[in-house]
Amino acid sequence: MVARVFGLKGSIMKLKQGSFLWYLYLDKLYCLLSVRNVKALVEYFHLLDVHHKKTLNDVLFYHFLHHVTDLTRNQITVVFNMLDWNTVGEIGFDQFYMLVCILLAQENHLEEQFIFRHSRPVFELLDLDGELKIGPDHLHMYNFLFNIKKQQLRDLYYNFDITGDRLLNYKEFKLFTIFSMDKYQESQKAEKEKKKEKAVLKKKLSQVNESQRESLLGIQPFESISNYNC
Amino acid sequence: MEGKPLKASAKSSSHHGSGRSSLQDIRNMWTTATLSQPKLNVQLPTVREDSELEDVSVSGKTLWSYDQKAGHDAEGGWEASDGGEDKDSFKPEEPEELELGGDSSQGSRLEEDDSKTDNEKPSSVSSLNISRHTPHRAYWVEQQSRLPLPLTELMENEALEILTEALRSSSTLKIQSFPN
């Protein structure tokens, strides 16, 4: 309900192709930027920091996200409020870096890995009230960022809400990330095996076709001669 | 922060014309630049020892042609001047000037290197040959802290667009709040 009211339910975020962030890449294992990428990002941040306060205010932040992603105004506002954990009304480089990592993780389909590797910071981001517990509304609100599907949410609260209070503490959330990571790796393996099988089938089909062609070519000249004789 | 590199507008215009291929080239350059780092880290200690010997024997600036195997192949080859072991003598703007200057000046300077090295001892010649194919430490440290030129331009243009949009929106807000 909350997500619908705020217009947050919708398609997954996409980075604008050819933008500066699009050229950065996450390390696939740790889901972090390399030192070179961070240096580049620091320079980019300094360029955007027009007021030389080492922060971005809400206007700059909005235009930055509006320029490089397809997020709506409400979504950008939600992201800003999520990152402004000090409630200063401005975003520093730490928060900016975190956001870029989240955006790149989603762009490269590494959401499960990112949440697994950085479960603590993600939990703290989702814990808006500071109660050290996450409700289903929180996760659904940020669905456009972390791409947690409905079925996953249901599994999450059905299987991992050990305390039974319909809220997840950090340990329960961590168990969920481990579980989803295992599932993700299994799905990756299954996809690889499928691809291999397809490749093998293609080879076999091509070999069968070639053998059939060869056999046809072999028969035809013999048949023509025999017809001529007759 | 170091001085911003000169915008190679002549060469950048050629990049704009190529469209998608230029974007892919940028990505390849970006990725190969990081991949090349471990190899160069291995070679650096030997290069430094050789360069110290060369500083004693070779006077003035010497130029090294950059081996493509190291992974830096932006415009067909970078060149840098070796001002000795001190980073202060190494000017950040020189690589761009050399790039834009054309091949004739680079070729003549390389010929000067060849003439000088012929008079040196065999050990220094061999070390010179080795160091020619490996980038100098100061040069590499300098390059590590810099972005590829097309990416720098992209970053600056994008930041400019974002700031322009922000300024427009804030000015329209002001007009709306103060119509008179």
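Heavy atoms only: backbone and side chains are in, while hydrogens, waters and symmetry mates are out. Chain naming here is simple, since letters A, B, ... match the order of the sequence lines and numbering starts at 1 in each.
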task = Under the side chain to side chain contact (heavy atoms under 4.5 Å, CB included) rule, what do A:W22 and B:L154 come out as? Steps first, then yes or no, please.
result = CA-CA 11 Å; A:W22 192 69; B:L154 172 73; over 6 Å; no
remark   = A:H63 and B:A166 have their tightest heavy-atom pair at CD2-CA, 3.5 Å
remark   = ring pair (Phe, Tyr, Trp, His ring centres under 6.0 Å) filter on A:Y184, not counting sequence neighbours, yields none
Pairwise distance OH(A:Y62) to CD1(B:I162) - rounded to 0.5 angstrom = 12.5 Å
remark   = The interface call for A:V68 against chain B, heavy-atom contacts under 4.5 Å, is side chain
key: Atom pair CG (A:L24) and CG (B:L151), whose distance is rounded to the nearest 0.5 Å   = 7.5 Å
Within 6.0 Å of NE2 in A:H67, more than 12 heavy atoms from elsewhere = yes
request  = Identify which of A:V35, A:L48, A:V59, A:L60 forms the greatest number of heavy-atom pairs closer than 4.5 Å to chain B.
outcome  = A:L48
key: Value rounded to 0.5 Å, distance of CZ in A:F64 from CD in B:E158   = 7.5 Å
ask   = Should we say atom CZ of B:R168 is surrounded by more than 12 heavy atoms from elsewhere, each under 6.0 Å from it?
value = no
